[in-house]
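Here's the structure, in structure tokens; my notes come after.
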Amino acid sequence: MIIEIIISELDFYLIERVRELRLKSNLSQVMLAHKLGVSEGYIGNIENPKQTAKYNIRMLSRIAIALELDSYLDLFPAKPFSNDLVKIKINLFDKGEAKKDLHQQGEKVERFKEISITPLSEQEILEYDKSRVKK
């Protein structure tokens with residue numbers, strides 16, 4: 001299934017980075033949610049590209065502790081992104097395969113393939129921000 005989402009480039013990176021670190025720590029979404037003291041669906045909602053849920057700074061701090069990271073730098077990219085909001089077109093893979101999280105050999109099973117990432121223009125950002133305020 002091909003979907004298109006509008007998201008902060010940094011938010012998209014952080015969501016995928018936390019997922020990657022969670023899997024390396026052999027934690028399921030439910031296990032991480034329990035460590036954080038949030039509902040079982042919280043991590044799943046954030047990791048689902050069709051949802052608009054995102055991590056906030058406080059939650060990222062709690063995640064760093066739960067995953068026993070040495071530094072917040074383990075979560076963030078080395079350099080700032082040049083774009084604010086981007087339109088990302090992705091091909092979501094079959095849910096049954098994606099839900100496995102880890103392959104038998106310990107390899108991460110990819111949930112989607114990025115087709116394109118397009119920065120939003122200033123006008124598109126203004127329109128997006130206006131539409132979010134109305135909700």
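Quick note: numbers below take in every heavy atom, side chains included, and nothing from hydrogens, waters or symmetry partners.
Side chain of K35 to backbone of A66: a donor-acceptor contact under 3.5 angstrom is found. Without hydrogens or angle criteria, N56 side chain to M59 main chain gives a donor-acceptor distance under 3.5 Å. For K54 (side chain) and T52 (main-chain N/O), a donor-acceptor pair under 3.5 Å exists by modelled atom type. Between the E47 side chain and the G44 main chain, no donor and acceptor come within less than 3.5 Å of each other.
Atom CG of N91 and atom CD1 of I2 lie 5.0 Å apart (nearest 0.5 Å). Atom CG in D11 sits 13.5 Å away from atom CD1 in I6 (nearest 0.5 Å). To the nearest 0.5 angstrom, Y55 atom OH is 7.0 Å from I15 atom CD1. Put simply, CG on N48 and CD1 on I43 are 13.0 Å apart, with the number rounded to the nearest 0.5 Å. Separating the NZ atom in K24 from the CG atom in L21 is a distance of 6.5 Å, to the nearest 0.5 Å. Atom CG of D74 is separated from atom CD1 of I63 by 13.0 Å, given to the nearest 0.5 angstrom.
Counting all heavy atoms, side chain and backbone alike, A33 lies closest to S39 at CB-O, 3.3 Å. Summarising the geometry of I88 relative to I117, their closest heavy-atom pair is CG1-CG1, 4.0 Å, with the distance given to 0.1 Å. Between L85 and D129, the closest heavy-atom pair is CD1-OD1, 4.4 Å. The two residues R22 and Q29 make their nearest non-hydrogen contact at NH1-N, 3.4 Å. Across all their heavy atoms, P49 and L92 have their closest contact at CG-CD2, 3.5 Å. Here the closest heavy-atom approach between residue S25 and residue L67 is recorded as OG-CD2, 3.9 Å.
Residue pairs that meet the ring pair (Phe, Tyr, Trp, His ring centres under 6.0 Å) test with at least one member in residues 10-40, sequence neighbours left out, are F12-F112, Y13-F81.
In terms of hydrophobic clustering, with Ile, Leu, Val, Met, Phe, Trp and Tyr side chains grouped at heavy-atom distances under 4.5 Å, V18 and V30 are assigned to different clusters. The same ILVMFWY cluster, assembled from side-chain heavy atoms under 4.5 Å apart, contains both I7 and F76. By the criterion of side-chain heavy atoms lying less than 4.5 angstrom apart, applied directly or through intervening Ile, Leu, Val, Met, Phe, Trp or Tyr residues, Y128 is not grouped with V133; the two fall into different hydrophobic clusters.
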Trace of the side chain to side chain contact (heavy atoms under 4.5 Å, CB included) decision for M31 with E40: CA-CA 8 Å; M31 292 164 68; E40 292 184 358; over 6 Å; no
Side chain to side chain contact (heavy atoms under 4.5 Å, CB included) evaluation trace for K87 with L120: CA-CA 7 Å; K87 190 180 295 182; L120 266 61; 3.9 Å; yes
Worked check of side chain to side chain contact (heavy atoms under 4.5 Å, CB included) between K89 and E114: CA-CA 6 Å; K89 187 182 258 187; E114 289 178 19; over 6 Å; no
E16 vs R111, salt bridge (Lys or Arg N to Asp or Glu O under 4.0 Å): CA-CA, chis, key distance, verdict: CA-CA 10 Å; E16 291 307 306; R111 308 179 297 150; 2.2 Å; yes
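The shortest distance between side-chain heavy atoms of I3 and I90 falls below 4.5 Å. Side-chain atoms of Y72 and L60, non-hydrogen and from C-beta on, never get closer than 4.5 Å to each other. Side-chain contact check for L10 versus P80: every heavy-atom pair is 4.5 Å or farther apart.
Taking the charged nitrogens against the carboxylate oxygens, E127 and K130 have no contact shorter than 4.0 Å, which rules out a salt bridge.
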